[in-house]
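Residue numbers begin at 1 in each chain, while the letters A, B, ... track the order of the sequences.
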Amino acid sequence: MTHADRPSAPDTTPPDATARKDFLREKVAEDALSGRFGRPIHTRFPPEPNGFLHIGHAKSICLNFGIARESGGRCNLRFDDTNPTTEDLRYVDAIRDDVRWLGFAWDEERFASDYFERLYQIAETLVGAGKAYVDSQSEEAIREGRGTVTVAGMPSRFRGRAVEENLDLLRRMRAGEFPDGAHVLRARIDMAHPNMLMRDPLLLRIRHAAHYRRGTAWCVYPLYDFAHGLSDAFEGITHSLCTLEFKDNRELYDWLVREAGFDRPPEQTEFARLELDYTVLSKRKLLRLVSEGHVAGWDDPRMPTIAGLRRRGVTPEAIRAFADRIGVARSDARIELATFEHAVRDDLNMQVPRVMAVARPLKLVITNYPETQVETLDAPLYPHDVPKTGSRPVPFSRELWIERDDFMEDPPKKFFRLAPGREVRLRYGYLVTCTGMVKDAAGEIVEVHAAYDPATRGGDAPDGRRVQGTIHWVSAGHALDCELRLYDRLFAVPDPDALPEGGDFVAALNPDSLVTMRAAKVEPSVAEDPPGSRYQFERAGYFISDPVDSRKSALVFNRTVALRDSWAKVKAR
RNA sequence: UGGCCCUUCGUCCAACGGCAGGACAGCGGACUUUGGAUCCGUUAAUGGUGGUUCGAAUCCACCAGGGCCAACCA
């Protein structure tokens, strides 16, 4: 499931000195020039292995790895694995796969869990310096004592403990003498600080839980603020890039690296996280969709996860181009789905071969075509404006499948497809004129009849006459049965996070996010292609043969993204 | 009744005291053997009020709107 469908195409975009820089790149460039850190630029991408990466992480990955590469620096992949109760090796593997698939290579792979000893030693140092103490209040008491945003906190009655007592307690915490929640280590800063994070933040908590990497070696685990900045400092990170909601954490970050004695400590800079219309980008919510079975897994093609997008058929190049285009700034940004879809189409248009497939087959009988005749047409794999060559054989015969939507008994004026008396072009085939139709007892059209013009083989009329419409088709006797999974937006509303009070985002799920066409037909040229092959099904959209479920005997194609459909707009009027 | 941050076309990003520009979306047209792509054209913005200045999107003040912070999550 986490297996990449093909070797990743590395990000080889050359640094462009003339490119307009965002505020992050400007800052890094300044710092590189001034040499203020006394070391090369060094960034890191620091995921917690408690879920799969999503498109929002991709933005951060592109930023961190991209900036490092552009400035001749380095970028670490660091697993921020300080919470034994939520993390799993499975997620570590998935994250590695996703980063590689996106086209990035990390310089060093690190784990915050490798720093537990070092962090613990710093904890003792802080205690020794009177900068930290062991608090033995209950969780509830600690919370209450913190005050609120408008009310100052109250010091814990344990705040004044002697250094020796604190040290003794801390060592016994580590030794496992106390149950979960009995004590915590807190920094001694200011319980009335206007920044809530500075009101004696928790540094270490007791958790008698096995860690997926450290097993039961530890029972005290650092909290995010204690681990993160110091991990950056240990690794010589210069620029610690993170999202806006960590703004307040920076004050604590700076306090910790300063107290720990780092000379030219890393500097945190925040940027706006990605928000995308019609989806959610919070691991908590995505985990819920998976665990409650609203989707088929982390790699469900409807998921905004890297794994989901990969299985959906999106390319790493498209994701990188998307990240480039949306830019980066400090204001909250919600991106329209169209922006993402454009990046996907823009890339796929130039990469993938065209073939024909019919989602909702309707029989077309070419009544003047010889019963047993079969012609093999040579159809190009790419349109004239894509600089790629190649063709495939496409069988043509008397009975074809066409798209049900491409025929109307009583069409409106702007309908350019097949209708009684209308002539259309069968793509790469012949010009045909509709001569009639057959209906079943219920009045449903079950068959369309047409006459072809033998002089128009390939689709050009020697007399120069024009037809308005071209439709796709597959030969009924040669078509391959297949299943088409037509994916659409996961949510029915642009911002599922903006809930009416008391609402549950799950209620906003789009019931039509997956429409399965089980009786679809595809031309035989794709028969031998391996799973994970991408195509444009002409006039329909971009598809990928499902890397997980598609079999030679049971083809399954996922719709990556539909083609732009200007007919839909006309029709809507 | 705290602190911090943000506010430029519908959306995203630029303009760093000197002609508000690009991308996506939209609209119109050309072209077209995909109602695709491409090309051309076009609509469309500095939240408000004051101030500083020869000149303000940019600096200052106030107001309004939005966001983050009160997990032993990250």
J.: B/U34 P sits how many Å from A/Leu563 CG, rounded?
T.: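 After rounding, the gap between these two atoms is 11 Å.
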
J.: Would you mind pulling out the nucleotide paired to B/C62, Watson-Crick or G-U wobble, both distances under 3.5 Å?
T.: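 Across all strands, the one nucleotide that pairs with B/C62 is B/G48.
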
J.: Take atom P in B/A37 and the same atom in B/G28, then report the distance between them in whole Å.
T.: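 Each nucleotide's P atom is 15 Å from the other's.
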
J.: B/A74 phosphate, OP1 or OP2: any side-chain N/O from A/Thr243 under 4.0 angstrom?
T.: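 No, outside the criterion.
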
J.: Counting the benzene-type ring for Trp, do A/Phe246 and A/Tyr224 have ring centres under 6.0 Å apart?
T.: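 Yes; A/Tyr224 has its ring centre under 6.0 Å from that of A/Phe246.
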
J.: Whether A/Lys247 contacts B/G3 is assessed here as follows: a side-chain N or O lying under 4.0 Å from the phosphate OP1 or OP2. Is that the case?
T.: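 Answer no for this pair, as no side-chain N or O of A/Lys247 is under 4.0 Å from OP1 or OP2.
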
J.: Is it true that A/Arg159 and A/Asp200 have a side-chain N and a carboxylate O under 4.0 angstrom from each other?
T.: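 A/Asp200 and A/Arg159: salt-bridged.
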
J.: Write down the distance separating the P atoms in B/G35 and B/C12, rounded off to the nearest Å.
T.: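 B/G35 and B/C12 have their P atoms separated by 33 Å.
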
J.: Pairing donors with acceptors under 3.5 angstrom, does anything connect the side chains of A/Tyr115 and A/Glu235?
T.: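 A/Tyr115 vs A/Glu235: donor-acceptor pair found between side chains.
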
J.: Counting distance alone, no hydrogens or angles: does the base of B/G36 have a donor or acceptor under 3.5 Å from a partner atom on the side chain of A/Asp385?
T.: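 Pair found.
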
J.: Establish whether the base of B/G2 is bridged to the side chain of A/Asn195 by a donor-acceptor pair shorter than 3.5 Å.
T.: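 By the distance-only test, no, there is no pair.
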
J.: Let's test this: given Watson-Crick or G-U wobble pairing with both distances under 3.5 Å, identify the partner of B/C73.
T.: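 Base partner found: none.
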
J.: Does a side-chain N or O from A/Arg146 land closer than 4.0 Å to OP1 or OP2 of B/C72, or not?
T.: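 So the side chain of A/Arg146 is within the cut-off, an N or O lying under 4.0 Å from OP1 or OP2 of B/C72.
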
J.: B/C72 and B/G48: how far apart are their C1' atoms, nearest whole angstrom?
T.: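 Straight-line distance between the two C1' atoms is 45 Å.
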
J.: Answer yes when A/Glu523 and A/Arg392 have at least one side-chain N-carboxylate O distance shorter than 4.0 Å, and no when they do not.
T.: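 So A/Glu523 pairs with A/Arg392 through a salt bridge.
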
J.: Measure from the side-chain heavy atoms of A/Leu197 and tell me the nearest of B/A25, B/G35, B/C69.
T.: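 Of all the options, the side chain of A/Leu197 is nearest to B/C69.
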
J.: Would you say a side-chain N or O of A/Arg564 is under 4.0 Å from OP1 or OP2 of B/G35?
T.: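 No.
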
J.: Mark yes or no for a side-chain to base donor-acceptor pair under 3.5 Å between A/Glu26 and B/C16, with no hydrogen or angle criteria applied.
T.: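 Side chain to base: pair found, below 3.5 Å.
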
J.: For A/Ala272 and A/Phe246, find the nucleotide of RNA chain B closest to each by heavy atoms; which residue's nucleotide sits nearer the 5' end?
T.: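 Of the two residues, A/Ala272 wins.
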
J.: Could you tell me whether the side chain of A/Glu538 has a donor or acceptor atom within less than 3.5 Å of a complementary atom in the base of B/G36?
T.: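 Such a pair does not exist between side chain and base.
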
J.: Please state whether the phosphate of B/A74, meaning OP1 or OP2, lies under 4.0 angstrom from any side-chain nitrogen or oxygen of A/Arg205.
T.: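 Looking at the OP1 and OP2 atoms of B/A74, one of them is under 4.0 Å from a side-chain N or O of A/Arg205.
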
J.: If you measure from the C1' atom in B/U42 to the same atom in B/C9, how many Å do you get, rounded?
T.: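 Nearest-Å result for B/U42 against B/C9 at atom C1': 13 Å.
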
J.: Phosphate oxygens OP1/OP2 of B/A71: is one of them under 4.0 Å from a side-chain N or O of A/Arg143?
T.: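 It does, given that an N or O in the side chain of A/Arg143 lies less than 4.0 Å from OP1 or OP2 of B/A71.
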
J.: Between A/His342 and B/C24, is there a contact of a side-chain N or O with OP1 or OP2 at under 4.0 Å?
T.: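 It does, given that an N or O in the side chain of A/His342 lies less than 4.0 Å from OP1 or OP2 of B/C24.
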
J.: Taking the six-membered ring for Trp and the single ring otherwise, decide whether the centroids of A/Phe52 and A/His57 are under 6.0 Å apart.
T.: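 Ring centroids of A/Phe52 and A/His57 are no less than 6.0 Å from each other.
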
J.: In whole angstrom, give the distance that lies between atom CG of A/Asp277 and atom C1' of B/A25.
T.: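 It is 12 Å, rounded to the nearest whole Å.
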
J.: Counting only Watson-Crick pairs (N1-N3 plus N6-O4 or O6-N4) and G-U wobbles (N1-O2, O6-N3), all under 3.5 Å, who is the partner of B/A23?
T.: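 By the stated definition (distances under 3.5 Å), B/U11 pairs with B/A23.
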
